[in-house]
2 protein chains.
Amino acid sequence: MDIGAPNTKTVLLLAAGELFADHGFDAVSTRMIADKAKVNLGGIHYHFGSKEALYVAAFKYVCENEERPGLAKLLNTQPELEKTPEGRAKAILMTCRNFLDDLFDPSKPDWKSRLILREISTPSSALPILVREVFTRDFAEDIELYQRLKPGASYDEAMIWQGMLKTQAIFYLMAKTPLEMMRGNKPLDQDFLDSLIRTVAKSMIMLVDLPVPEELR
Amino acid sequence: MDIGAPNTKTVLLLAAGELFADHGFDAVSTRMIADKAKVNLGGIHYHFGSKEALYVAAFKYVCENEERPGLAKLLNTQPELEKTPEGRAKAILMTCRNFLDDLFDPSKPDWKSRLILREISTPSSALPILVREVFTRDFAEDIELYQRLKPGASYDEAMIWQGMLKTQAIFYLMAKTPLEMMRGNKPLDQDFLDSLIRTVAKSMIMLVDLPVPEELR
DNA sequence: GTCTATAAACCGATAGAC
DNA sequence: GTCTATCGGTTTATAGAC
C-alpha cells in the first residue's frame, strides 16, 4: 500500500495500529481510534468500511513496511563473511546484535512489533497476511542458510535454529512489564540486552559448530 | 484457594479461565461464561462481584495450582545427577524433555498456560499475582542453580540461561496456529517437538560448558 | 443460592446535512 | 470528505421474586 502525505487514511491506520497493539482488538472502540487520530467517527467507516477492515488494513500496512534484516540478508551484503568459519560466526553475532538492538531501541516505537505479536497469539482474519509477509518471508532465507551451514539438516531443525533469536527476542519484548516488576521495577537496560545478545549468539554459533568469537568467551 | 466438590464457584472459575485464555478478557462476555458453565448469569456477580474479579480469581486459581517442575526440582529429587558433569548434562536434557512434553501433551488442556501467556502480554490488575506466583517462584530456583554451575555469573546471565527453555516453549505454544499454517497445515508433531527439545537442551548444556550427551550428537 | 427482568452505558454502523 | 444525530444491538451490573 502506497501512502503519501499524512492524510486521514494514514492517520487512522497509525492510530488504530498503535491502539490495537496496546490493548487488543476487542478492547479498542472505534471512538477511541477516532479520538486518537483526531478524525471524525464516521471517517472510519467511510475509509475502511468496518472496524475489522481497519484492523486488517493497519496490520497489512505494518507487515509490508516492516523490514527486519535477518542473517541471510547480512551475508548477501557482506559475502566475504561467509568464506571463513570465523566470519560466519561473526555474522551470526552481528545479526543478533542488530536484531535485538533495533527491537529494543527506545527511540523507535515498538507497537508495530507488538501488533504482529498479537496476531500471532490471537489470530484473526489477518492471519494469512501474517503467514505470508512475516513468517514465510522472514524465515525462509535463514532456514535455507542453516541448511547450507549444516548440510543434511532437517527443515524442523533449521526452523528451530533460526527461531532461537526471534522467539527469545519476542518473549522479552512481550514480557517487558512483568519482568521489570519482577526485577523490582529495574528496567531491562543495556546490560541485560548485552547479556541476551551474547547468550543467544553464542548458543547459535555453537549449534552450527563454528568457533566462538573471543569477545563472547 | 481450596476447592472441594465441583460447586458453582469452581465451575465458573474453570469455564471463565478457558474462555479468557481462548479469546481474551474483552472478547468474552459474562453471558458466554454463564452459558459455558451452565450457571445463571446472576451467579457471576453473586459469587465474584464483577467480571474483572472473576478474571482475577480464575487467574489466581490457575497460578496457584499449576506445577511446572524446573531443573532445580529435578536435581533435588535425584541429587546423584549433580555429582558428575555427565549427570548435570543429562539433568538439563531431562528437564527440557519433561517441560516440553508436558506443555505439548495433547491429552492435557493447555488453556492454563495460555491464560498465563495472556497476562504476560497484556498485564491487568492480576499482574502482581503473575509476578509473585510464576515469575519469581518458578525462575528463582533455576537462576540460583545456574550461578552454582557457573560461579561468578551475573543475575542477568542466569536469568537468560534459564529462560532459554521457557521463552522458546512459550513461543511455540503461542504461535502454534500460524506456524502450522506456514507449514501447509502440517501440525507441530512429535518430530518437531523432538527437534526442539534436542536443540534447546544442547544449547543450554553447551552454554554451561558441560559435555553434550551422545544422544544429542 | 438461583432465577427473571431490566437499568444504564457503550458498542459498531448508518443516514443524511453540508 | 467531514460532520451530527441516531438506530439497533450488546454489554456489565443490579433489583427483587422465589
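Chain letters run A, B, ... following the sequence lines, proteins first and then strands; every chain starts at 1.
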Got a sec? Which of residues 18-28 of chain B come in under 4.0 Å of DNA chain D, heavy atoms?
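Here the set is B/V28.
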Looking at residues 29-49 of chain A, who's got a heavy atom less than 4.0 Å off DNA chain D?
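Of all residues in residues 29-49 of chain A, the ones placing a heavy atom under 4.0 Å from DNA chain D are A/R31, A/N40, A/Y46, A/H47.
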Got a list of side-chain donor-acceptor pairs under 3.5 Å for residues 13-28 of chain B, not counting sequence neighbours?
from, atom 1, to, atom 2, distance (Å)
B/D22, OD1, B/R114, NH1, 2.8
B/D22, OD1, B/R114, NH2, 3.1

Quick one: which residue pairs count as a ring pair (Phe, Tyr, Trp, His ring centres under 6.0 Å) with a foot in residues 115-140 of chain B, not counting sequence neighbours?
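As it turns out, the ring pair (Phe, Tyr, Trp, His ring centres under 6.0 Å) pairs with a partner in residues 115-140 of chain B, which skip direct neighbours, are B/F135-B/F139.
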Does either side chain, that of A/E119 or that of A/Y55, offer a donor lying less than 3.5 Å from an acceptor on the other one?
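A pair is found: one side chain offers a donor N or O, the other an acceptor, under 3.5 Å apart.
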Between A/T77 (side chain only) and A/L74 (backbone N and O only), is there a donor and an acceptor less than 3.5 Å apart?
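Side chain of A/T77 to backbone of A/L74, a donor-acceptor pair under 3.5 Å: yes, one is there.
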Any donor and acceptor pair, going by atom type alone, linking the side chain of B/W161 with main-chain N or O of B/M204 inside 3.5 Å?
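Yes; at least one donor-acceptor contact below 3.5 Å.
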Apply side-chain contact (heavy atoms from CB on, under 4.5 Å) to B/E82 and list each qualifying residue two or more places apart in sequence or on a separate chain.
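Partners of B/E82 under the side-chain contact (heavy atoms from CB on, under 4.5 Å) test: B/L75, B/R88, B/L145, B/R148.
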In chain order, what residues pass the side-chain contact (heavy atoms from CB on, under 4.5 Å) check against A/D35, with sequence neighbours excluded?
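Expected list: none.
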Filter on side chain to side chain donor-acceptor pair (under 3.5 Å), then keep only pairs touching residues 129-138 of chain A, sequence neighbours left out; what's left?
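Sorted pair list comes back empty.
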Using a heavy-atom cut-off of 4.0 Å to chain B, what are the terminal contacting nucleotides of DNA chain C, in 5' to 3' order?
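Taking any atom under 4.0 Å from a heavy atom of chain B, the span is C/dG1 to C/dT4.
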Please tabulate, one pair per line, all N/O donor-acceptor pairs under 3.5 Å involving side-chain atoms of residues 66-73 of chain A, not counting sequence neighbours.
from, atom 1, to, atom 2, distance (Å)
A/E66, OE1, A/R68, NH2, 3.0
A/E67, OE2, A/K73, NZ, 3.4
A/R68, NH1, A/D102, OD2, 2.8
A/R68, NH2, A/S113, OG, 2.8

Taking the axis from the first five pairs and the axis from the last five, what angle separates them in the helix from C/dG1-D/dC18 to C/dC18-D/dG1, rounded to 10 degrees?
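Helix axis angle between the two ends: 0°.
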Applying side chain to side chain contact (heavy atoms under 4.5 Å, CB included) to B/K36 and B/M32, what does each step give before you reach the verdict?
CA-CA 6 Å; B/K36 185 180 172 75; B/M32 287 167 67; over 6 Å; no
Can you list, pair by pair, the side-chain donor-acceptor contacts under 3.5 Å of residues 169-193 of chain A, counting residues two or more places apart and other chains?
from, atom 1, to, atom 2, distance (Å)
A/E180, OE2, A/L188, N, 3.2
A/R183, NH1, B/D156, OD1, 2.9
A/R183, NH2, B/D156, OD1, 3.4
A/D189, OD1, A/D191, N, 3.4
A/D189, OD1, A/F192, N, 3.1
A/Q190, NE2, A/D194, OD1, 3.3

With sequence neighbours excluded, give me every salt bridge (charged side-chain N to carboxylate O under 4.0 Å, His left out) pair touching residues 41-53 of chain A.
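Residue pairs passing salt bridge (charged side-chain N to carboxylate O under 4.0 Å, His left out), neighbours aside: none found.
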